[in-house]
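Convention: sequence-line order gives letters A, B, ...; per-chain numbering from 1.
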Amino acid sequence: MKTFATLINALDSTNKTNLKLEALMHFLAEAEEGDKMWLLALFTGKRPKRNVNTALMRQWAMEIAGIPEWLFLESYSSVGDLGETISLILPAPEQYTERSLSEWMQQIATLDKATEAEKKTFVTEAWRSLTHTERFIFNKLLGGSFRLGVSAQTLINALARYYNMEANAVTHSIMGDWQMDAVTFDELVQGAYTDTQLSKPYPFCLAYPLEKEPEELGPVQDWQVEYKWDGIRGQLIRRNDEVFIWSRGEELITEQFPEIKAALLQWPVNVVLDGELLVFKDGQVLNFSALQQRLNRKNISAKMLQELPVVCFVYDLLELDGKDLRNLPIKERRSMLEELLRQYAGGPLMLCHTIAAVDWEALKSIRQESRSVNSEGLMLKHKDSPYHTGRKKGDWWKWKIDPYTIDAVLIYAQKGSGRRSAYYTDYTFAVRKGDELVSIAKAYSGLTDKEIQEVNRYINQHAIEKFGPVRTVKPELVFEIAFEGISFSNRHKSGVALRFPRIARWRKDKTAAEIDDIEEIKKMIR
Amino acid sequence: MLQFTPKGILCVPGGFYIDPWKPVDLAVITHGHSDHARWGMKKYLCHHYTVPILKSRLGTDIAVQGIAYGEPVTINGVQVSLHPAGHIIGSAQVRMEYKGYVVVVSGDYKVQDDGLSDPLEILRCHEFVTESTFGLPIYNWQSVAAQHTQLQEWVAGNRANGKTSVFIGYSLGKAQRIMKALEGIAPIHVHYSIAVLNQAYESAGIQLPDYAIADLREDVKHLAQDIVILPPSLLDAQVTRKIPDMANAICSGWMQVRGARRWRSADAGFAISDHADWPGLLDTVKATGAEKVYVTHGQTAVFTKYLNEIGIAAEEVTTRFGEEEESVEPS
Ligand SMILES: [Zn+2]
Ligand SMILES: [Zn+2]
């Protein structure tokens, strides 16, 4: 596992893409076949199922390290990751055994039939024979929660460079439903199995946020304009009487949307569509919290289908009758899409409307009003643009409305987990409710390193109360909190839930007396 | 015998303070780090090796007396002596004996022998004041030899990829350890602020590897593929980014944790510290035989609780140590 550990260590430590790429190339050159397969498997979410209970692992580790539970928990709260905490508190390894990643994975897989005592022997012996980093990886694999510190794009670029292929082709090859034992690594990456894979999605074409004035984009007539919907982006695939729905996170979500699946199966043609899954009721798009209730359920009841009906606003056509259309300009794809929907529409597959405007001024006022239809702004797609692989600057822009903002005061702080575990970076903010404070949001991001250090100094000096890892802070620091949406909520003390709250800036110019009042904030809800 | 006052740790019968943070008449200084050696004292008493460090930090006009390890000085009837703490050059534990009662203030210390500072001396005492910077069982340092190998391998890998190895470490203590670890591997360049402190080592007769002073304001092309050592303040600086094809590494005990490595977003992080790790703290406290332990900067609450649980009477003490050492880490 040494080669794999070296890779993980390198990926973890740097945030420079070129260094990550170098580390991956090095791994591809050095690692054995099985380990490379596992890299892809882990990356594409083919994790082995958890065969050892993490509570047991924790118990065994405390036993070996000889520390009490509270001390283990203090360590855990400082590290932020259970598998890593265990790897760090154990005594240094007694001897070192080199086994490849795939050997370890095979052994882990056989554990499902093992007794608890056998599991304990296996795990504690592994701990005794692995270095810190390898122990950590082993624990994560065992717990079924391993994640690689690299983006899909970087991994794909490394594979593409290594095999001298196009990134696009690599993505196509490795996404989807391949079985580890059925292919070799080279064959898999080079696409030997592509044709037989009906479910294979295309990489999504992504848009950049528009940060300049829209006038700089040239005449408004060159652009296809749509509302930007706040739902789930989905790729709908219908090939040979089968339907697959992929989310942008490369997850298959077909079964979560039976109404979409059924409707697409009715179509007499094979297509791949790109669109937005939304709850749509009485002629209106409902906000994301409605859609959220439909997600991650084992069974979707008839009642749920009726109360929260999902539709897909389709905005692009990627494949028709087995033909890849992505290189056609969107204006041509659009007219083919309109024709298709004219013929087969009805039910939950709907054409995503385009917006025509005489000039950018007119479009600006439409954008300002986009919240009235529960949209978060506009999408601008150049009429000559192909369907790119991933993100490419210039052809597609998302032109979101400015977020909502409120001023709130910091009341609790907690050390972050993962990469932020050394500092208090998880903050809870409150607003006024008459003379009292009521917590309204948690936010993790938005400050610079320097600001975080300054806030940390404040927390260390002004913590009123320590409760486990949580520090109650004297309410003095005021921050502007930005968020994308707001709705009523019974689960929050404040009575409202914010969507995507984050710290917009530190308002050093404001005192706690100047923060917002909850009653005023509720007026933002429509 | 000790009193923890708003000015600092007071030796009551002796009438002097140890590492005070407010101006006092007589300050006994454990070592030259800025949170332990502060400006404004009428008189300073420290180890010989710390004298030039204090002068370069606080001004040549300060009144400072240097003494050797183990050399007793009597102050108002208290017998005071300094003993190696193994933290950095000249770092000392302050031993105070009054009417047969012995109290030791250890300042910052480490158990590992880094080959540069005099190794930690265990002192039997009635009361012991300990730091707790890394007072959690997740902190277990690798051997010094293994640490050196790690650094050497990283530099070799960088050179193979045509990269310049830039190390970030505190200029007093850490920088010299990095130099020593990399002796003979590749040419070493250090920032001016480090070179100044290197002189303190050299004047004490400690051999450091050859080095050149890197002036980042000038042309830096000649640094390519070499080793460059910079203080933490330059980690994200504009001048640092000019260094050709650089890969940067932070050397600090905090780098033991993956989260901290990722958070600091350098290209590599090495857990190399001038503080004691968890077993180091525990072993030292036990070995002193102290019946009362005071825990200062770091994981004070956790370490105090644990000591009490294992039957060593301990108490948490609030000091201002650890707060100014540096932004990247309390070194
Ligand atoms: Zn120090
Ligand atoms: Zn200190």
Would the number of heavy atoms belonging to other residues, nucleotides or ligands and lying under 6.0 Å from [atom1] of [X] be above 12?
| X | atom1 | result |
| --- | --- | --- |
| B:Lys7 | NZ | no |
| A:Lys2 | NZ | no |
| A:Arg161 | CZ | no |
| A:Tyr412 | OH | no |
| A:Lys442 | NZ | no |

Inset, instruction - Using non-hydrogen atoms and a 4.5 Å limit, figure out which bit of B:Lys163 sits close to chain A: side chain, backbone, both or neither. - result: side chain
Legend entry - Side-chain heavy-atom pair A:Glu84, B:Gln256 within 4.5 angstrom cut-off: no
Please classify the contact between [X] and chain B as side chain, backbone, both or neither, with a heavy-atom cut-off of under 4.5 Å.
| X | answer |
| --- | --- |
| A:Phe136 | side chain |
| A:Ile89 | both |
| A:Pro91 | neither |
| A:His26 | neither |

Inset, instruction - Supply the atom-to-atom distance A:Met25 CE to B:Asn161 CG, rounded to the nearest 0.5 angstrom. - result: 11.0 Å
Legend entry - Straight-line distance of B:Glu309 CD to A:Leu71 CG, nearest 0.5 Å: 8.0 Å
Legend entry - B:Asp267 side chain vs A:Leu19 backbone, donor-acceptor pair below 3.5 Å: no
Legend entry - chain B interface, residue from A:Ala10, A:Ala65, A:Pro68, A:Ala92 that has the most non-hydrogen pairs under 4.5 Å: A:Pro68
Legend entry - For B:Tyr306 against A:Trp70, the heavy-atom pair lying closest together: N-CH2, 3.7 Å
Legend entry - Criterion side-chain contact (heavy atoms from CB on, under 4.5 Å) against A:Ser78, the qualifying member of B:Val257, B:Ile138, B:Val302: B:Ile138
